[in-house]
Every structure is written in C-alpha cells, then in structure tokens.
K.L.:
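The structure's right below; bear with me while I get my questions together.
Quick note: residue numbers are just sequence positions, from 1. Counting starts at 1 for both ligands and their atoms, in listed order. All figures in this text were calculated on a predicted structure; none of them were measured in a lab.
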Amino acid sequence: MADVVVIGAGISGAAAAYELASDGCETVLLDRYGPAAMASGWTLAGVRQSGRHPAELPLARDAVARWAGLDEALDGVTRYRRRGNLRLARTPAEVATIRALVAEQSAAGLDLAFLADGAAVRAVAPAVAGEALAASFCPTDGHADPHATVGAFVRAAERRGAALRFGERAVAIEVEQGRVVAVRTDAGRIPAGRVVLAAGVFGNELLGPLGLSVPIEVPMVTVLRSAPGEVVLEPVIGVANADCAGRQEVDGRFRVTSGLVAWHGGMTEGTAPRVDPTARSIAETVARFGAVVPAFLEARIEAMWAGLIDLTPDALPVLDAPAGVAGLVVGMGFSGHGFGLGPVTGRILADLAQGRAPALPIEAFRLDRFAGRNAPGVLPTLHG
Ligand SMILES: Cc1cc2nc3c(=O)[nH]c(=O)nc-3n(C[C@H](O)[C@H](O)[C@H](O)COP(=O)(O)OP(=O)(O)OC[C@H]3O[C@@H](n4cnc5c(N)ncnc54)[C@H](O)[C@@H]3O)c2cc1C
C-alpha cells in the first residue's frame, strides 16, 4: 500500500514525487514510458516569468527562486542557466504589444526592461538580426536541460524512498464511496488512498471514467535541434506573436520551436512516443527563427520532432484536488509553459495530496472554472 501514486514522470509528476518523498510519504512514481518521455522531453525548456498571466506570475517567480538552488537540493545536474529572455517585436504593432507587456509586468514587480531599438536589443544579444525593432528583456529568466532536470528529480525522489515503475501504464484510478483506493495498471494494482495525476495530454483518459475532464485541445509544436557549436546566443529568444522561439543549449546546440500548428493526429509508440513535424512547419520554423538569429541558418540539424501541447481554454493549468473524488489531485493543462513552473508545481501538488493549503495562490487553477466550457479561448505564450 502506497500513500500516494504519482501518474506521470514528466517534470510535474517527477517534482511532485520528489516533494512527497521528501515529506516522508510512501510514494510510487509511475510512467507508461519513462522520465521526460513526452512534453517534458519535447520542450524548449525555457524558465521564464516574463509574459506570464498575472495568476501564474507568483508561481513563476517562486519557481525561478527554486531553480537557483535546484542542483544542490537534488544533488543533480539541471544545466539551469539564468541568462535572460528576450521577446522581440518585428513590426510597429508588435512594438506596442511589447511596450504594454513591459508596463503591465513592471507594475506587477517583475524586473522587465523595454529595449527601445535594435541597437539596444543587440547590446544584450549580438546574434539577433536587424529584424528586431524592440524587445522586452527579463534578466532573471533562463533555461535548463529538460532530460537532465527530470532525471535529477527522479533520482532525488528515489533516494528519498520513492518507488519507480516505468514502462507501466495506469489504466484506471479506482474509487470506492467517493475515495481513491488504488491505481490499476497494465501490470497489476497499486493500493493507495491518494493519486497525483500528472499525465499531460493523456490525463483525461483516467479522469473520464470518474466523471471529470480538463477541457484541452492538443495542437503541436515543431522542434529543431542542431549539432553542438559555438555559443553566440545567451538568452532565450521569443517573438511577440509567438510564431517561433529558440535558444542555445550549454554546448551550443540550437533548440528552436515553431508556434502552435494543428496536430495531424499521428504518434508512433515505442519506448517513447514520437510525433513527426510537417515539412511546412519545419520550413516556416527555419525561415522565422533564421530571420531573427541568422547564425541558426548555418547550424547542422541533428534532430527534429514535434511536441504536443495540453491547451486549456484560458491557457492556464489545473492544479486542484477536485471535490467529489477524495484523494485525487490533478496537475495538467500547462498549455505550453509548464516546464519552468515544474519545481513549484511539484510543491503545490505535494501539498494538495497531503491535504495542506499551498503557500501560493492557486484559486485561478481550479478545475471547476471550466464548468460548461470546452473550447480554447486564448492563445498560449509559447515562448520559452
Ligand atoms: C515544443 C514544446 C516547447 C515548450 N516550451 C516550453 C518552455 O520553453 N517553457 C516552459 O515552461 N514550458 C514549455 N513547454 C511546456 C512544457 O514542456 C510542459 O508544460 C511540461 O513539460 C508538462 O510537464 P508534465 O509533467 O505536466 O507533462 P508531460 O511531460 O507530458 O508528462 C506526462 C507523463 O505522463 C505519462 N503518462 C501519460 N499517461 C499515463 C498513464 N496512463 N500511465 C502512466 N503514465 C502516463 C507520460 O508518459 C508522460 O511522461 C513546451 C512544450 C512543448 C511541447
């Protein structure tokens, strides 16, 4: 009998398992594939506060504080770098958008500068081309290595006593008299009074039989990754309309993403799932990011894939212990920006699983805010 079964070893579930095990809970971390097999491996892995919805900003700021001490806390390697985030304006209309963003977020207390012309942008990032008319710059944003980070959470959770069950799929959350009693898997049954569901785009498969669902659409994002090379770009680069983004990893590999494109519905399942990008999206991504960072056009592309996004109607996640199923905690619907939040998401899910009120405000992330809605209403800021 476990105290808590965490379903999903992406960053949300791995961080929750780490926090739960650290709190002394008998924890099982379950994944149908393995750590970072889906969004948490497909991601650009930007760690940003800038451009966040006001409801998410306190969480993002808390997360950034946690990221700074994460290698030490986990006794692991995340390759977290705090090198800033530039959000570029490429048209006069985008300049107005960026100016308004800086005004709003500065008023909320974020250290966010408005870089008023291309010269100011290139003073921060010389690799950015003349396309950039202006930008916002948040020096305390950054990026990390997603596989290394999730692996570090998993190993730290295991050292604190969590049991790891990878290659095992949860097929049902068993509920009796309104209480979670077990998780049924394709390999057996794990009795437990509490479940943290952090299964990303697959979460609704397990919520549906309980009469619950998080309304999500599932678009995809194309990702291109180059061979290692000289580091010419320190900050994460995004653009005001979020139609591309990119950064360089610590060894100089470019990791570049498209905006949201329609998912063709295909997925190849092996030891990890794979979604292939379309030629059109690859071409658009190369052209768009290459226009803002020309050095990318000379890079050798080593890998490409597409990542799926769990996009909710308001592009905010669900972090909740829904009424009606005692012992169930849901963390999903991160809408393309849940990586940076990972360390604080884990803390919040662990608190909810233990019946404690999280230290940060999570009212905006209740599941019942969607009662009667099921279509996305806003676009997420896919931007590192
Ligand atoms: C291309 C791309 C770029 C992104 N860029 C950024 C960015 O720059 N910054 C940022 O903050 N966020 C970004 N995001 C979003 C971020 O990566 C995700 O929000 C975050 O990784 C979600 O983590 P998760 O743990 O909630 O879900 P996931 O990582 O998807 O993990 C869910 C896990 O659940 C497992 N699972 C599912 N069903 C079952 C089951 N039945 N039984 C057992 N296991 C199951 C899966 O195998 C998977 O490992 C991006 C996403 C993509 C795709």
Side-chain angles (χ1 to χ4, degrees), residues 5-17 28-49 51-52 56 60 63 67 85 141-144 146-147 149-150 153-154 165-173 183-187 195-207 218-225 236 238 242 245-247 255-261 263 269 271-273 275 277 285 305-311 315 317-319 330-342 345-346 349 380-384:
V5 177
V6 178
I7 303 174
I11 194 163
S12 308
V28 174
L29 176 61
L30 186 70
D31 199 287
R32 64 194 279 172
Y33 306 107
M38 297 189 67
S40 300
W42 292 327
T43 183
L44 178 62
V47 175
R48 72 176 161 87
Q49 309 142 102
R52 293 268 176 190
E56 265 187 9
W67 275 100
N85 185 307
D141 286 346
H143 56 81
H147 282 278
T149 300
V150 177
F153 270 118
V154 167
R165 293 173 67 151
F166 297 150
E168 183 171 348
R169 185 164 73 94
V171 295
I173 297 168
V183 173
R184 199 148 34 83
T185 78
D186 55 4
V195 166
V196 172
L197 181 62
V201 295
F202 288 137
N204 281 332
E205 291 180 359
L206 294 162
L207 286 179
V218 184
M220 70 178 202
V221 172
T222 293
V223 188
L224 305 172
R225 189 172 186 241
V236 178
R247 66 179 178 96
R255 198 173 177 106
V256 170
T257 55
S258 69
L260 294 180
V261 291
W263 178 29
E269 290 207 56
T271 50
V275 179
T285 307
W305 59 85
L308 302 178
I309 303 290
D310 49 355
L311 176 60
V318 170
L319 297 169
V330 178
M332 55 180 278
F334 290 93
S335 302
H337 42 255
F339 180 78
L341 296 180
T345 298
L349 296 177
T381 51
L382 252 186
H383 162 113

K.L.:
For atom 42 (N) of ligand 1, which candidate among G41, A170, A198 provides the closest heavy atom?
P.N.:
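Looking at heavy atoms only, the winner is A170.
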K.L.:
Provide the closest heavy-atom pair for A60 versus R48 in the form atom of the first, atom of the second, distance.
P.N.:
CB-O, 3.8 Å
K.L.:
Is it the case that ligand 1 has an N or O less than 3.5 angstrom from some N or O of T257?
P.N.:
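Between T257 and ligand 1, no N or O pair is found under 3.5 Å apart.
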K.L.:
At a 4.0 Å threshold, what atoms of ligand 1 neighbour a non-hydrogen atom of Y33?
P.N.:
47 (O)
K.L.:
Please list, chain by chain and in numerical order, all residues satisfying side-chain contact (heavy atoms from CB on, under 4.5 Å) with A170, sequence neighbours excluded.
P.N.:
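Applying side-chain contact (heavy atoms from CB on, under 4.5 Å) to A170 gives I7, L30, V183, L206.
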K.L.:
Per the side chain to side chain donor-acceptor pair (under 3.5 Å) rule, which among R169, E168, E269 passes with Y33?
P.N.:
E269
K.L.:
Taking 4.0 angstrom as the limit and counting only heavy atoms of F334, give me the atoms of ligand 1 inside it, by number and element.
P.N.:
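This gives 19 (O), 26 (O) as the contact atoms.
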K.L.:
Looking only at distances, please establish whether an N/O atom of ligand 1 is found under 3.5 Å from an N/O atom of G340.
P.N.:
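Between G340 and ligand 1 (N or O atoms, distance only) the closest approach is under 3.5 Å.
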K.L.:
Could you tell me whether D310 and ligand 1 have an N or O pair separated by under 3.5 Å?
P.N.:
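Between D310 and ligand 1, no N or O pair is found under 3.5 Å apart.
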K.L.:
List every atom of ligand 1 that sits less than 4.0 Å from any heavy atom of G307, numbering the atoms from 1 in the order shown and giving each element.
P.N.:
53 (C)
K.L.:
Quick one: does R165's side chain get under 4.5 Å of V28's, heavy atoms only?
P.N.:
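Of all side-chain heavy-atom pairs linking V28 with R165, at least one is under 4.5 Å.
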K.L.:
Given V256 and V223, is the side chain to side chain contact (heavy atoms under 4.5 Å, CB included) satisfied, shown in steps?
P.N.:
CA-CA 6 Å; V256 170; V223 188; over 6 Å; no
K.L.:
Who gets closest to atom 30 (O) of ligand 1 by heavy atom: A39, A15, G336?
P.N.:
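Looking at heavy atoms only, A39 sits closest to atom 30 (O) of ligand 1.
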K.L.:
What atoms in ligand 1 come closer than 4.0 Å to a heavy atom of D31?
P.N.:
33 (C), 34 (O), 35 (C), 43 (C), 44 (N), 46 (C), 47 (O), 48 (C), 49 (O)
K.L.:
N/O to N/O below 3.5 Å, does that happen between G338 and ligand 1?
P.N.:
yes
K.L.:
Shortest non-hydrogen contact from L349 to G331?
P.N.:
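Heavy atoms only, the tightest pair is CD2-CA, 3.8 Å.
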K.L.:
Kindly write out the residues that satisfy salt bridge (Lys or Arg N to Asp or Glu O under 4.0 Å) with R255, not counting sequence neighbours, or none if the list is empty.
P.N.:
E249
K.L.:
Please check whether R169 reaches ligand 1 - meaning an N/O of the residue sits under 3.5 Å from an N/O of the ligand, judged on distance alone.
P.N.:
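No - when backbone and side-chain N and O of R169 are compared with those of ligand 1, no distance drops under 3.5 Å.
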K.L.:
For P35, which part has a heavy atom under 4.0 Å from ligand 1: side chain, backbone, both, or neither?
P.N.:
neither
K.L.:
What are the two closest non-hydrogen atoms of V218 and W263, and how far apart are they?
P.N.:
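Heavy atoms of V218 and W263 come nearest at O-CB, 3.3 Å.
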K.L.:
Counting heavy atoms only, which of V5, V256, I309 comes nearest to atom 53 (C) of ligand 1?
P.N.:
I309
K.L.:
So do the side chains of W305 and T222 get within less than 4.5 Å of each other, counting heavy atoms only?
P.N.:
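The answer is no, as the side chains (C-beta and beyond) never meet within the 4.5 Å cut-off.
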K.L.:
Under the salt bridge (Lys or Arg N to Asp or Glu O under 4.0 Å) rule, what do E205 and R32 come out as? Steps first, then yes or no, please.
P.N.:
CA-CA 13 Å; E205 291 180 359; R32 64 194 279 172; 3.8 Å; yes
K.L.:
Which ligand 1 atoms are under 4.0 Å away from a heavy-atom of V221?
P.N.:
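Answer, ordered by atom number: 1 (C).
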K.L.:
With a cut-off of 4.0 Å, which atoms of ligand 1 are near a heavy atom of V223?
P.N.:
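Under 4.0 Å from V223, ligand 1 has these atoms: 1 (C).
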K.L.:
Do you know which two heavy atoms are closest between F153 and A14, and how far apart they sit?
P.N.:
CB-CB, 3.8 Å
K.L.:
Closest by any non-hydrogen atom to atom 9 (N) of ligand 1: pick that one out of A14, G46, A172, A16.
P.N.:
G46
K.L.:
Short N/O distance, under 3.5 Å, between F202 and ligand 1?
P.N.:
no
K.L.:
Heavy atom under 4.0 Å from ligand 1: found in I7's side chain, backbone, both, or neither?
P.N.:
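Side chain only.
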K.L.:
Hey, is L308 one of the residues with a heavy atom under 4.0 angstrom from ligand 1?
P.N.:
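L308 counts as a contact of ligand 1 under the 4.0 Å cut-off.
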K.L.:
Where do R247 and P146 come nearest, in terms of heavy atoms and distance?
P.N.:
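Nearest pair, atom of R247 first, then P146: NH2-CD, 4.1 Å.
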K.L.:
Which atoms of ligand 1 sit under 4.0 Å from any heavy atom of S40?
P.N.:
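By the 4.0 Å cutoff, the relevant atoms are 20 (C), 21 (O), 22 (C), 23 (O), 24 (P), 25 (O), 28 (P), 29 (O).
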K.L.:
Closest approach of V236 and G142, non-hydrogen atoms and distance?
P.N.:
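Scanning both residues, the minimum pair turns out to be CG2-O, 3.6 Å.
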K.L.:
Heavy atoms only, cut-off 4.0 Å: how does T43 contact ligand 1, side chain, backbone, both, or neither?
P.N.:
both
K.L.:
Just which atoms of ligand 1 are under 4.0 Å from any heavy atom in G200?
P.N.:
32 (C)
